[in-house]
2 protein chains.
Amino acid sequence: MSTSRSFHHGDLKTALADSAVRIVEQSGVETFSLREVARDAGVSSAAPYRHFSSKEALLAEVARRGFDQLHDELAEAGASSDRRSSFLTRCVAYIGFARRHPALYRLMFGAFPNKHRYDDLVEAGDRLFALLNDPLAASPSDKAARAIGCWAFVHGLAMLALDNQLRAHLPSEDDDSLLAVLQPLADTLMGTEPT
Amino acid sequence: MSTSRSFHHGDLKTALADSAVRIVEQSGVETFSLREVARDAGVSSAAPYRHFSSKEALLAEVARRGFDQLHDELAEAGASSDRRSSFLTRCVAYIGFARRHPALYRLMFGAFPNKHRYDDLVEAGDRLFALLNDPLAASPSDKAARAIGCWAFVHGLAMLALDNQLRAHLPSEDDDSLLAVLQPLADTLMGTEPT
DNA sequence: CTTTGGTGTAAACAGTGCTAACATATCGGA
DNA sequence: TCCGATATGTTAGCACTGTTTACACCAAAG
(Lines give C-alpha, C1' and ligand atoms only; values in the text may rest on other atoms or scores of the structure.)
Protein backbone atom coordinates (compact mmCIF):
# COMPACT_ATOMS: atom_id res chain seq x y z
CA MET A 1 0.00 0.00 0.00
CA SER A 2 1.34 3.45 0.90
CA THR A 3 -0.22 5.53 -1.82
CA SER A 4 3.17 6.97 -2.73
CA ARG A 5 3.26 10.63 -1.81
CA SER A 6 6.47 11.95 -3.34
CA PHE A 7 5.79 14.01 -6.41
CA HIS A 8 2.26 13.08 -7.13
CA HIS A 9 0.13 14.34 -4.34
CA GLY A 10 -1.73 11.12 -3.65
CA ASP A 11 -5.29 12.42 -3.47
CA LEU A 12 -5.17 16.01 -4.54
CA LYS A 13 -8.78 16.02 -5.65
CA THR A 14 -10.23 15.51 -2.19
CA ALA A 15 -7.53 17.70 -0.68
CA LEU A 16 -8.64 20.51 -2.95
CA ALA A 17 -12.28 19.94 -2.11
CA ASP A 18 -11.43 19.96 1.60
CA SER A 19 -9.61 23.26 1.27
CA ALA A 20 -12.43 24.68 -0.82
CA VAL A 21 -15.05 23.82 1.78
CA ARG A 22 -12.97 25.37 4.53
CA ILE A 23 -12.32 28.54 2.56
CA VAL A 24 -15.95 28.95 1.50
CA GLU A 25 -17.13 28.55 5.08
CA GLN A 26 -14.56 31.00 6.38
CA SER A 27 -14.67 33.72 3.75
CA GLY A 28 -17.81 33.21 1.70
CA VAL A 29 -18.10 32.58 -1.98
CA GLU A 30 -17.68 36.14 -3.25
CA THR A 31 -13.95 36.30 -2.64
CA PHE A 32 -13.40 32.60 -3.28
CA SER A 33 -10.44 32.06 -5.57
CA LEU A 34 -9.14 28.93 -7.20
CA ARG A 35 -5.58 30.13 -6.74
CA GLU A 36 -6.07 30.46 -3.00
CA VAL A 37 -7.32 26.89 -2.87
CA ALA A 38 -4.23 25.78 -4.77
CA ARG A 39 -1.96 27.69 -2.38
CA ASP A 40 -3.80 26.21 0.58
CA ALA A 41 -3.21 22.72 -0.79
CA GLY A 42 0.41 23.54 -1.58
CA VAL A 43 0.25 23.08 -5.33
CA SER A 44 0.55 25.34 -8.34
CA SER A 45 -2.27 27.45 -9.73
CA ALA A 46 -2.83 25.14 -12.66
CA ALA A 47 -2.92 21.90 -10.70
CA PRO A 48 -6.64 22.05 -9.83
CA TYR A 49 -7.46 21.91 -13.52
CA ARG A 50 -6.28 18.30 -13.60
CA HIS A 51 -9.20 17.42 -11.29
CA PHE A 52 -11.85 20.10 -11.84
CA SER A 53 -12.67 21.54 -15.21
CA SER A 54 -13.32 24.99 -13.79
CA LYS A 55 -13.80 27.02 -10.64
CA GLU A 56 -17.51 26.43 -10.99
CA ALA A 57 -16.97 22.67 -11.06
CA LEU A 58 -15.07 22.83 -7.79
CA LEU A 59 -17.80 24.91 -6.22
CA ALA A 60 -20.32 22.37 -7.46
CA GLU A 61 -18.43 19.69 -5.58
CA VAL A 62 -18.47 21.87 -2.45
CA ALA A 63 -22.22 22.34 -2.79
CA ARG A 64 -22.74 18.62 -3.33
CA ARG A 65 -20.92 17.87 -0.10
CA GLY A 66 -23.14 20.40 1.62
CA PHE A 67 -26.28 18.65 0.41
CA ASP A 68 -24.97 15.30 1.54
CA GLN A 69 -24.03 16.62 4.95
CA LEU A 70 -27.40 18.30 5.47
CA HIS A 71 -29.14 15.16 4.33
CA ASP A 72 -27.28 13.03 6.83
CA GLU A 73 -27.87 15.43 9.71
CA LEU A 74 -31.60 15.53 8.99
CA ALA A 75 -31.80 11.77 8.65
CA GLU A 76 -30.31 11.42 12.09
CA ALA A 77 -32.36 14.22 13.62
CA GLY A 78 -35.79 12.89 12.77
CA ALA A 79 -35.15 9.20 12.93
CA SER A 80 -37.18 8.36 15.99
CA SER A 81 -40.59 9.55 17.15
CA ASP A 82 -43.80 10.11 15.24
CA ARG A 83 -44.24 11.84 11.93
CA ARG A 84 -45.32 15.20 13.24
CA SER A 85 -42.56 15.73 15.74
CA SER A 86 -40.10 14.22 13.30
CA PHE A 87 -41.14 16.87 10.82
CA LEU A 88 -40.74 19.68 13.30
CA THR A 89 -37.41 18.38 14.54
CA ARG A 90 -36.09 18.25 11.03
CA CYS A 91 -37.28 21.74 10.24
CA VAL A 92 -35.41 23.09 13.23
CA ALA A 93 -32.34 21.05 12.36
CA TYR A 94 -32.52 22.28 8.77
CA ILE A 95 -32.49 25.90 9.77
CA GLY A 96 -29.79 25.16 12.30
CA PHE A 97 -27.59 23.81 9.56
CA ALA A 98 -28.16 26.89 7.44
CA ARG A 99 -27.15 29.04 10.37
CA ARG A 100 -24.05 27.08 11.21
CA HIS A 101 -22.92 27.02 7.58
CA PRO A 102 -24.33 30.21 6.08
CA ALA A 103 -21.92 30.60 3.20
CA LEU A 104 -22.12 26.93 2.32
CA TYR A 105 -25.91 27.01 2.45
CA ARG A 106 -26.01 30.08 0.24
CA LEU A 107 -23.76 28.34 -2.24
CA MET A 108 -26.00 25.29 -2.26
CA PHE A 109 -29.03 27.35 -3.22
CA GLY A 110 -27.27 30.10 -5.08
CA ALA A 111 -27.29 30.73 -8.79
CA PHE A 112 -25.50 27.88 -10.52
CA PRO A 113 -25.22 28.62 -14.19
CA ASN A 114 -25.04 25.28 -15.99
CA LYS A 115 -26.19 23.40 -12.91
CA HIS A 116 -27.36 20.60 -15.20
CA ARG A 117 -23.75 19.77 -15.97
CA TYR A 118 -23.14 18.60 -12.43
CA ASP A 119 -25.44 15.62 -12.06
CA ASP A 120 -23.91 14.60 -8.74
CA LEU A 121 -25.00 17.96 -7.39
CA VAL A 122 -28.50 17.60 -8.76
CA GLU A 123 -28.85 14.10 -7.35
CA ALA A 124 -27.70 15.21 -3.91
CA GLY A 125 -30.37 17.92 -3.95
CA ASP A 126 -33.00 15.39 -4.95
CA ARG A 127 -32.03 13.10 -2.09
CA LEU A 128 -32.45 15.96 0.37
CA PHE A 129 -35.84 16.80 -1.07
CA ALA A 130 -36.95 13.20 -0.77
CA LEU A 131 -35.93 13.09 2.86
CA LEU A 132 -37.80 16.28 3.66
CA ASN A 133 -40.91 14.78 2.12
CA ASP A 134 -40.57 11.65 4.15
CA PRO A 135 -42.76 12.69 7.11
CA LEU A 136 -45.42 13.92 4.69
CA ALA A 137 -45.55 10.67 2.81
CA ALA A 138 -48.79 9.46 4.36
CA SER A 139 -50.51 12.81 4.12
CA PRO A 140 -53.83 12.97 2.33
CA SER A 141 -54.40 13.75 -1.32
CA ASP A 142 -52.56 16.71 -2.78
CA LYS A 143 -49.20 15.36 -1.77
CA ALA A 144 -47.01 17.20 -4.22
CA ALA A 145 -48.41 20.57 -3.34
CA ARG A 146 -47.85 19.96 0.36
CA ALA A 147 -44.37 18.64 -0.21
CA ILE A 148 -43.36 21.67 -2.20
CA GLY A 149 -44.97 23.92 0.32
CA CYS A 150 -43.03 22.25 3.08
CA TRP A 151 -39.67 22.73 1.49
CA ALA A 152 -40.44 26.24 0.33
CA PHE A 153 -41.40 27.23 3.82
CA VAL A 154 -38.37 25.82 5.57
CA HIS A 155 -36.03 27.05 2.89
CA GLY A 156 -37.48 30.53 2.98
CA LEU A 157 -37.25 30.58 6.74
CA ALA A 158 -33.61 29.59 6.57
CA MET A 159 -32.88 32.32 4.06
CA LEU A 160 -34.55 34.95 6.19
CA ALA A 161 -32.58 33.70 9.15
CA LEU A 162 -29.36 34.24 7.22
CA ASP A 163 -30.39 37.78 6.40
CA ASN A 164 -31.03 38.42 10.09
CA GLN A 165 -34.63 39.11 9.27
CA LEU A 166 -35.83 36.70 11.91
CA ARG A 167 -33.95 38.49 14.64
CA ALA A 168 -35.36 41.75 13.37
CA HIS A 169 -38.99 40.66 13.48
CA LEU A 170 -39.27 37.95 16.07
CA PRO A 171 -39.02 38.47 19.83
CA SER A 172 -36.16 36.01 20.01
CA GLU A 173 -34.49 33.62 17.63
CA ASP A 174 -34.22 30.48 19.68
CA ASP A 175 -35.83 27.22 18.68
CA ASP A 176 -39.03 28.00 20.56
CA SER A 177 -39.67 31.07 18.47
CA LEU A 178 -39.02 29.03 15.38
CA LEU A 179 -41.50 26.44 16.51
CA ALA A 180 -44.12 29.12 17.05
CA VAL A 181 -43.78 29.88 13.36
CA LEU A 182 -43.58 26.28 12.28
CA GLN A 183 -46.39 24.75 14.32
CA PRO A 184 -49.47 26.05 12.51
CA LEU A 185 -47.85 25.34 9.18
CA ALA A 186 -47.01 21.82 10.16
CA ASP A 187 -50.61 21.12 11.02
CA THR A 188 -51.72 22.41 7.67
CA LEU A 189 -49.05 20.67 5.69
CA MET A 190 -49.58 17.32 7.28
CA GLY A 191 -53.33 17.39 7.28
CA THR A 192 -53.47 16.72 11.01
CA GLU A 193 -55.38 18.52 13.68
CA PRO A 194 -53.55 21.00 15.88
CA THR A 195 -52.66 19.40 19.18
CA MET B 1 -33.21 73.36 -17.11
CA SER B 2 -30.99 71.85 -19.79
CA THR B 3 -28.70 69.88 -17.57
CA SER B 4 -25.69 70.69 -19.78
CA ARG B 5 -24.43 67.51 -21.34
CA SER B 6 -21.08 68.33 -22.96
CA PHE B 7 -18.09 66.92 -21.14
CA HIS B 8 -19.65 66.01 -17.86
CA HIS B 9 -22.07 63.28 -18.53
CA GLY B 10 -25.03 64.94 -16.93
CA ASP B 11 -26.33 62.14 -14.79
CA LEU B 12 -23.77 59.40 -14.97
CA LYS B 13 -24.82 57.93 -11.65
CA THR B 14 -28.27 56.88 -12.82
CA ALA B 15 -26.91 55.96 -16.25
CA LEU B 16 -24.51 53.56 -14.58
CA ALA B 17 -27.24 52.11 -12.43
CA ASP B 18 -29.44 51.67 -15.49
CA SER B 19 -26.67 49.82 -17.31
CA ALA B 20 -25.95 47.74 -14.22
CA VAL B 21 -29.56 46.63 -13.92
CA ARG B 22 -29.70 45.68 -17.56
CA ILE B 23 -26.43 43.76 -17.40
CA VAL B 24 -27.36 41.92 -14.23
CA GLU B 25 -30.69 40.88 -15.69
CA GLN B 26 -29.09 39.72 -18.91
CA SER B 27 -25.99 37.97 -17.69
CA GLY B 28 -26.41 37.36 -13.99
CA VAL B 29 -24.25 38.61 -11.17
CA GLU B 30 -21.42 36.09 -11.41
CA THR B 31 -19.84 37.59 -14.48
CA PHE B 32 -20.89 41.14 -13.63
CA SER B 33 -18.01 43.56 -14.06
CA LEU B 34 -17.70 47.23 -13.28
CA ARG B 35 -15.62 47.75 -16.37
CA GLU B 36 -18.37 46.40 -18.58
CA VAL B 37 -20.82 48.79 -16.99
CA ALA B 38 -18.42 51.62 -17.69
CA ARG B 39 -18.04 50.55 -21.30
CA ASP B 40 -21.79 50.27 -21.65
CA ALA B 41 -22.19 53.81 -20.37
CA GLY B 42 -19.39 55.05 -22.61
CA VAL B 43 -17.03 56.20 -19.90
CA SER B 44 -13.65 55.10 -18.62
CA SER B 45 -13.08 52.27 -16.17
CA ALA B 46 -12.39 54.60 -13.29
CA ALA B 47 -15.38 56.88 -13.78
CA PRO B 48 -17.84 54.76 -11.76
CA TYR B 49 -15.73 55.30 -8.67
CA ARG B 50 -16.77 58.94 -8.65
CA HIS B 51 -20.34 57.81 -7.93
CA PHE B 52 -20.06 54.40 -6.26
CA SER B 53 -17.41 53.56 -3.73
CA SER B 54 -17.08 49.97 -4.98
CA LYS B 55 -18.59 47.33 -7.19
CA GLU B 56 -20.56 46.13 -4.18
CA ALA B 57 -22.01 49.60 -3.70
CA LEU B 58 -23.26 49.64 -7.28
CA LEU B 59 -24.80 46.20 -6.85
CA ALA B 60 -26.45 47.43 -3.67
CA GLU B 61 -28.09 50.19 -5.68
CA VAL B 62 -29.27 47.62 -8.22
CA ALA B 63 -30.75 45.50 -5.45
CA ARG B 64 -32.41 48.52 -3.89
CA ARG B 65 -34.12 49.30 -7.18
CA GLY B 66 -35.27 45.70 -7.33
CA PHE B 67 -36.89 45.96 -3.91
CA ASP B 68 -38.62 49.18 -4.86
CA GLN B 69 -39.90 47.74 -8.10
CA LEU B 70 -41.20 44.59 -6.45
CA HIS B 71 -42.82 46.69 -3.75
CA ASP B 72 -44.63 48.82 -6.29
CA GLU B 73 -45.82 45.86 -8.33
CA LEU B 74 -47.21 44.14 -5.24
CA ALA B 75 -48.86 47.31 -4.04
CA GLU B 76 -50.69 47.56 -7.33
CA ALA B 77 -51.50 43.86 -7.52
CA GLY B 78 -53.32 43.53 -4.25
CA ALA B 79 -54.86 46.95 -3.99
CA SER B 80 -58.49 46.01 -4.44
CA SER B 81 -60.52 43.09 -3.11
CA ASP B 82 -60.58 41.50 0.32
CA ARG B 83 -57.66 40.56 2.50
CA ARG B 84 -57.53 36.90 1.61
CA SER B 85 -57.57 37.23 -2.15
CA SER B 86 -55.29 40.22 -1.89
CA PHE B 87 -52.83 38.03 -0.06
CA LEU B 88 -53.01 35.29 -2.67
CA THR B 89 -52.78 37.71 -5.54
CA ARG B 90 -49.68 39.24 -4.05
CA CYS B 91 -48.06 35.86 -3.48
CA VAL B 92 -48.53 34.96 -7.10
CA ALA B 93 -47.31 38.37 -8.22
CA TYR B 94 -44.28 38.03 -5.96
CA ILE B 95 -43.24 34.74 -7.46
CA GLY B 96 -43.97 36.10 -10.90
CA PHE B 97 -41.53 38.92 -10.29
CA ALA B 98 -38.86 36.50 -9.14
CA ARG B 99 -39.37 34.50 -12.29
CA ARG B 100 -39.28 37.46 -14.61
CA HIS B 101 -36.18 38.88 -12.95
CA PRO B 102 -34.33 35.81 -11.65
CA ALA B 103 -30.85 37.29 -11.51
CA LEU B 104 -32.09 40.50 -9.96
CA TYR B 105 -34.12 38.60 -7.38
CA ARG B 106 -31.14 36.44 -6.50
CA LEU B 107 -29.05 39.54 -6.05
CA MET B 108 -31.68 41.07 -3.77
CA PHE B 109 -31.57 38.09 -1.44
CA GLY B 110 -28.02 37.01 -2.03
CA ALA B 111 -25.13 37.31 0.32
CA PHE B 112 -24.34 40.97 0.85
CA PRO B 113 -21.24 41.30 2.96
CA ASN B 114 -21.50 44.62 4.78
CA LYS B 115 -25.16 44.98 3.93
CA HIS B 116 -25.50 47.30 6.90
CA ARG B 117 -23.48 49.91 5.04
CA TYR B 118 -26.23 50.41 2.50
CA ASP B 119 -29.11 51.74 4.54
CA ASP B 120 -31.14 52.60 1.44
CA LEU B 121 -31.05 48.93 0.58
CA VAL B 122 -32.09 47.85 4.06
CA GLU B 123 -34.93 50.35 4.13
CA ALA B 124 -36.23 49.17 0.76
CA GLY B 125 -36.29 45.61 2.07
CA ASP B 126 -38.17 46.72 5.15
CA ARG B 127 -40.80 48.49 3.07
CA LEU B 128 -41.35 45.31 1.08
CA PHE B 129 -41.74 43.29 4.25
CA ALA B 130 -44.25 45.76 5.61
CA LEU B 131 -46.32 45.52 2.46
CA LEU B 132 -46.34 41.73 2.56
CA ASN B 133 -47.60 41.86 6.12
CA ASP B 134 -50.35 44.24 5.20
CA PRO B 135 -53.06 41.65 4.48
CA LEU B 136 -52.20 39.86 7.71
CA ALA B 137 -52.49 42.97 9.81
CA ALA B 138 -55.85 42.14 11.28
CA SER B 139 -55.01 38.50 11.92
CA PRO B 140 -55.42 37.14 15.40
CA SER B 141 -52.81 37.05 18.11
CA ASP B 142 -49.39 35.70 17.15
CA LYS B 143 -48.96 38.26 14.44
CA ALA B 144 -45.20 38.28 14.16
CA ALA B 145 -44.96 34.54 13.77
CA ARG B 146 -47.54 34.51 11.01
CA ALA B 147 -45.95 37.44 9.26
CA ILE B 148 -42.55 35.80 9.22
CA GLY B 149 -44.09 32.55 8.14
CA CYS B 150 -45.82 34.29 5.28
CA TRP B 151 -42.70 35.87 3.91
CA ALA B 152 -40.60 32.78 4.44
CA PHE B 153 -43.09 30.71 2.54
CA VAL B 154 -43.41 32.97 -0.46
CA HIS B 155 -39.70 33.63 -0.56
CA GLY B 156 -38.84 29.98 -0.38
CA LEU B 157 -41.36 29.20 -3.08
CA ALA B 158 -39.80 31.82 -5.32
CA MET B 159 -36.34 30.40 -4.73
CA LEU B 160 -37.46 26.90 -5.58
CA ALA B 161 -39.11 28.25 -8.68
CA LEU B 162 -35.82 29.77 -9.77
CA ASP B 163 -34.07 26.46 -9.27
CA ASN B 164 -36.69 24.79 -11.47
CA GLN B 165 -37.67 22.64 -8.53
CA LEU B 166 -41.31 23.52 -8.95
CA ARG B 167 -41.38 22.30 -12.52
CA ALA B 168 -39.66 19.13 -11.39
CA HIS B 169 -42.15 18.29 -8.66
CA LEU B 170 -45.43 19.88 -9.61
CA PRO B 171 -47.71 18.74 -12.44
CA SER B 172 -47.49 22.15 -14.06
CA GLU B 173 -46.09 25.50 -13.10
CA ASP B 174 -48.88 27.85 -13.98
CA ASP B 175 -50.59 30.05 -11.45
CA ASP B 176 -53.23 27.45 -10.65
CA SER B 177 -50.60 25.00 -9.46
CA LEU B 178 -49.09 27.73 -7.37
CA LEU B 179 -52.43 28.48 -5.82
CA ALA B 180 -52.88 24.83 -4.94
CA VAL B 181 -49.76 25.17 -2.85
CA LEU B 182 -50.62 28.57 -1.47
CA GLN B 183 -54.26 28.04 -0.54
CA PRO B 184 -53.98 25.87 2.55
CA LEU B 185 -51.13 27.99 3.84
CA ALA B 186 -53.09 31.16 3.36
CA ASP B 187 -55.90 29.82 5.46
CA THR B 188 -53.53 28.92 8.22
CA LEU B 189 -51.58 32.15 8.09
CA MET B 190 -54.60 34.39 8.12
CA GLY B 191 -56.57 32.49 10.69
CA THR B 192 -59.55 32.16 8.41
CA GLU B 193 -61.56 29.12 7.50
CA PRO B 194 -60.92 27.39 4.20
CA THR B 195 -63.50 28.42 1.66
C1' DC C 1 13.80 -0.84 -20.56
C1' DT C 2 10.71 1.70 -22.88
C1' DT C 3 6.62 3.80 -23.78
C1' DT C 4 2.46 5.73 -22.43
C1' DG C 5 -0.70 8.29 -19.81
C1' DG C 6 -1.74 10.63 -15.61
C1' DT C 7 -0.32 14.39 -12.77
C1' DG C 8 2.35 18.11 -11.52
C1' DT C 9 4.89 22.86 -12.96
C1' DA C 10 6.09 27.47 -14.99
C1' DA C 11 4.85 31.05 -17.97
C1' DA C 12 1.73 33.66 -20.26
C1' DC C 13 -2.84 36.03 -21.67
C1' DA C 14 -6.76 38.62 -21.12
C1' DG C 15 -9.68 40.51 -17.88
C1' DT C 16 -10.75 42.22 -13.17
C1' DG C 17 -11.27 45.75 -8.86
C1' DC C 18 -9.27 49.53 -7.43
C1' DT C 19 -5.96 53.61 -6.76
C1' DA C 20 -3.08 57.58 -7.93
C1' DA C 21 -1.91 61.46 -10.69
C1' DC C 22 -3.60 64.39 -13.77
C1' DA C 23 -7.04 67.25 -16.73
C1' DT C 24 -11.04 69.70 -17.50
C1' DA C 25 -15.49 71.71 -16.82
C1' DT C 26 -18.72 73.95 -13.69
C1' DC C 27 -20.04 76.98 -10.18
C1' DG C 28 -19.86 80.35 -6.12
C1' DG C 29 -17.85 84.31 -4.55
C1' DA C 30 -14.29 88.39 -4.91
C1' DT D 1 -15.72 89.23 -15.05
C1' DC D 2 -12.26 86.64 -13.39
C1' DC D 3 -10.68 82.95 -10.44
C1' DG D 4 -10.03 79.53 -7.43
C1' DA D 5 -12.37 75.40 -5.40
C1' DT D 6 -14.70 71.44 -6.40
C1' DA D 7 -16.85 67.91 -8.90
C1' DT D 8 -16.24 64.80 -12.45
C1' DG D 9 -13.92 62.85 -15.96
C1' DT D 10 -9.23 60.42 -18.08
C1' DT D 11 -4.90 57.58 -18.39
C1' DA D 12 -1.68 54.49 -16.48
C1' DG D 13 -0.67 51.17 -13.41
C1' DC D 14 -0.80 47.50 -9.52
C1' DA D 15 -1.98 43.19 -7.79
C1' DC D 16 -4.92 39.69 -8.58
C1' DT D 17 -7.98 36.46 -11.05
C1' DG D 18 -9.53 32.18 -14.32
C1' DT D 19 -7.76 29.64 -17.80
C1' DT D 20 -4.60 27.70 -21.40
C1' DT D 21 -0.32 26.06 -23.28
C1' DA D 22 3.97 23.85 -23.30
C1' DC D 23 6.82 21.28 -20.71
C1' DA D 24 8.65 17.93 -16.74
C1' DC D 25 8.21 14.11 -14.18
C1' DC D 26 6.64 9.83 -12.13
C1' DA D 27 4.11 5.18 -12.16
C1' DA D 28 2.95 1.40 -14.14
C1' DA D 29 2.03 -1.77 -18.47
C1' DG D 30 3.99 -3.99 -22.35
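Note on naming: letters A, B, ... go to the chains in the order of the sequence lines (proteins, then strands), and numbering restarts at 1 for each one.
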**Study point:** Close approaches to DNA chain C from residues 44-56 of chain A, in residue order (heavy atom, under 4.0 Å)
**Key:** A:Ser44, A:Ala46, A:Ala47, A:Arg50, A:His51
Point to revise | For B:Ser27, side chain to side chain contact (heavy atoms under 4.5 Å, CB included) partners two or more places apart | key: B:Thr31
Exercise for review: Using side chain to side chain contact (heavy atoms under 4.5 Å, CB included) as the criterion, list what pairs up with B:Thr89, not counting sequence neighbours.
Suggested key: B:Ala77
Point to revise | salt bridge (Lys or Arg N to Asp or Glu O under 4.0 Å) partners of residues 60-79 of chain B, not counting sequence neighbours, each pair once | key: B:Asp18-B:Arg65, B:Glu61-B:Arg64, B:Glu61-B:Arg65, B:Arg64-B:Asp68, B:Asp68-B:Arg127, B:Glu73-B:Arg100
Revision key, fill the gap. Applied to residues 11-67 of chain B, the ring-ring contact (aromatic ring centres under 6.0 Å, His included) test, sequence neighbours excluded, yields B:Phe67-B:Phe109
Please table the atom pairs, donor to acceptor, closer than 3.5 Å between any side-chain atom in residues 111-124 of chain A and protein atoms at least two apart or in another chain.
from: A:Tyr118; atom 1: OH; to: A:Glu56; atom 2: OE1; distance (Å): 2.7

Practice item. Can you tell me which residue pairs pass the salt bridge (Lys or Arg N to Asp or Glu O under 4.0 Å) test with a partner in residues 31-48 of chain A, sequence neighbours excluded? Key: A:Arg22-A:Asp40
Point to revise | Contacts of type side chain to side chain contact (heavy atoms under 4.5 Å, CB included), residue A:Ser53, not counting sequence neighbours | key: A:Ala57
Point to revise | Residues from residues 19-40 of chain A lying under 4.0 Å of DNA chain C - heavy atoms | key: A:Arg35
